[in-house]
**Student:** 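I am attaching a structure below and will ask some questions about it afterwards.
The model shown is predicted, which means the values in this text are computed figures rather than measured ones.
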Amino acid sequence: MTTADIARTVVGILGNIISGFLFLSPVPTFIGICKKGSVEQFSAAPYLATLVNCMVWTLYGLPMVHPNSLLVVTINGSGCIIEIIYVTIFLIYSPRGKRLKVFLWLLLELIFISALTLVTLTLVHTTKKRSAIVGTTCIIFNIMMYASPLTIMKLVITTKSIEYMPFFISLASLGNGVAWTTYALIRFDPFITIPNGLGTLFAVAQLILYATYYKSTKRQIAARKANQQVDLTQVGVGNGGQGSKPNY
């Protein structure tokens, strides 16, 4: 094994660890869903999108499609299992109408990945062409997934608040992007480099926004707390310092 291979393996293992943390970051949300017995206003869309993305990348990493990409298979295969668990929870705790939509989207994704696998493995006969077809599909799905960070970033700029953009997820996204971009550059793989390079840029942009609006967010939170205290004081004075009493 060459020095480049060792370096690529080490970086790939690091990428697996960081990606694993990202995949597991919604666990508290799903624990809350299970406790409440309802998905409330949460959407299954991000988890369905991540699932199909992981399935396509797992296909890409298979030896008969893109050799020497075991670490791509391990993390995305694990991601498939985790996202299927999330989607299953949505199927269990969603109301009937929402459950049907989730099921239909899941069925559509399974049909799509089955068709892509069948076409790639039976009609295309070289790993170079298979890598090109599946890799291009991976890039398309990754770019589509970047719509979510863009929406969050727009919200931050509009509200001048980073309340809905958790710092540690943005930081982990940066680490994830850097790790997989480095992995792809050691033995150049454009299909991994392009989406993860873009992901790195988006993560950097999020951290810049975080630094830019951190102080204004603190001021907004402090102002809300002050207003709540004023409102509570006014309620107390209006009731003669007593709690509201029932009228009989």
Side-chain angles (χ1 to χ4, degrees), residues 11 14-30 32-33 39-57 75-76 79 82-83 86-87 90 98 101-102 105 109 135-185 190-225 227:
V11 173
L14 180 61
N16 270 247
I17 294 170
I18 298 173
S19 297
F21 278 116
L22 283 175
F23 285 139
L24 293 172
S25 61
V27 165
T29 298
F30 283 92
I33 288 173
V39 298
E40 298 179 307
Q41 298 302 313
F42 289 107
S43 171
Y47 310 103
L48 287 165
T50 305
L51 174 59
V52 71
N53 189 63
C54 286
M55 288 193 293
V56 175
W57 276 111
I75 186 54
N76 286 287
I82 294 169
E83 299 303 323
Y86 293 158
V87 172
F90 264 93
K98 195 171 187 177
K101 289 181 181 179
V102 173
W105 273 110
E109 290 183 358
T136 302
T137 306
C138 289
I139 291 175
I140 292 170
F141 276 105
N142 266 110
I143 291 175
M144 288 171 62
M145 286 184 65
Y146 290 145
S148 177
L150 284 173
T151 303
I152 295 171
M153 290 163 68
K154 180 182 177 182
L155 179 65
V156 170
I157 295 170
T158 303
T159 62
K160 293 181 171 56
S161 172
I162 44 88
E163 288 183 82
Y164 299 102
M165 190 175 69
F167 173 75
F168 288 108
I169 292 181
S170 297
L171 185 62
S173 297
L174 176 61
N176 183 68
V178 169
W180 286 109
T181 301
T182 304
Y183 173 89
L185 288 174
F191 301 111
I192 298 179
T193 302
I194 292 172
N196 285 288
L198 288 173
T200 301
L201 293 176
F202 277 113
V204 169
Q206 288 178 42
L207 292 175
I208 291 172
L209 288 177
Y210 194 94
T212 302
Y213 294 112
Y214 179 80
K215 290 183 178 179
S216 65
T217 303
K218 289 291 184 182
R219 288 195 294 268
Q220 290 181 35
I221 293 173
R224 280 205 303 268
K225 288 182 178 178
N227 288 334

**Student:** Quick one: closest heavy-atom pair of Ser25 and Pro28, and the distance?
**Tutor:** O-CD, 3.3 Å
**Student:** What pair of heavy atoms forms the shortest contact from Thr200 to Thr181, and how long is it?
**Tutor:** OG1-OG1, 3.6 Å
**Student:** Between Thr217 and Ile162, is there a donor-acceptor pair closer than 3.5 Å when you use the side chain of the first and the backbone of the second?
**Tutor:** yes
**Student:** Without swapping roles, check the side chain of Ser170 against the backbone of Gln206 for a donor-acceptor pair under 3.5 Å.
**Tutor:** no
**Student:** With a 4.5 Å cut-off on side-chain heavy atoms, are Asn142 and Trp57 touching?
**Tutor:** yes
**Student:** Closer than 3.5 angstrom, by distance alone: can the side chain of Asn176 be matched with the main-chain N or O of Ala172 as a donor-acceptor pair?
**Tutor:** no
**Student:** Please find the pair of heavy atoms, one from Ser43 and one from Pro46, that lie closest to each other, and give the distance.
**Tutor:** O-CD, 3.4 Å
**Student:** Using a 4.5 Å cut-off on heavy atoms from C-beta on, say whether the side chain of Lys154 contacts that of Ile157.
**Tutor:** no
**Student:** Output the distance between atom CD1 (Ile82) and atom CG (Leu24), rounded to the nearest 0.5 Å.
**Tutor:** 4.5 Å
**Student:** When you compare the side chain of Trp180 with that of Asn16, does any pair of heavy atoms fall below 4.5 Å?
**Tutor:** yes
**Student:** Taking side chain to side chain contact (heavy atoms under 4.5 Å, CB included) as the definition, give me every residue that meets it alongside Lys98, ordered by chain and number, with sequence neighbours left out.
**Tutor:** Val39, Ser94, Pro95
**Student:** Between Gln220 (side chain) and Thr159 (backbone), is there a donor-acceptor pair under 3.5 Å?
**Tutor:** yes
**Student:** Mind checking whether Phe90 and Phe42 have side chains closer than 4.5 Å, heavy atoms only?
**Tutor:** yes
**Student:** Go through the structure and list residues passing ring pair (Phe, Tyr, Trp, His ring centres under 6.0 Å) with Tyr86, not counting sequence neighbours.
**Tutor:** Phe30, Tyr47
**Student:** Indicate the atoms forming the closest heavy-atom contact of Cys54 with Phe23, along with that distance.
**Tutor:** SG-CZ, 3.5 Å
**Student:** Within the side chain of Asn196, is there an N or O that forms a donor-acceptor pair under 3.5 Å with the backbone of Ile192?
**Tutor:** yes
**Student:** Measure the spacing between OG of Ser161 and CG of Leu155 and express it to the nearest 0.5 Å.
**Tutor:** 7.5 Å
**Student:** Out of curiosity, Ile75 CD1 to Ile17 CD1, how far, rounded to the nearest 0.5 Å?
**Tutor:** 9.5 Å
**Student:** Could you report the tightest heavy-atom contact between Ala184 and Thr193, atom names first, then the distance?
**Tutor:** CB-OG1, 3.1 Å
**Student:** Please name the pair of heavy atoms, one in Glu109 and one in Leu48, separated by the smallest distance, quoted to 0.1 Å.
**Tutor:** OE2-O, 2.8 Å
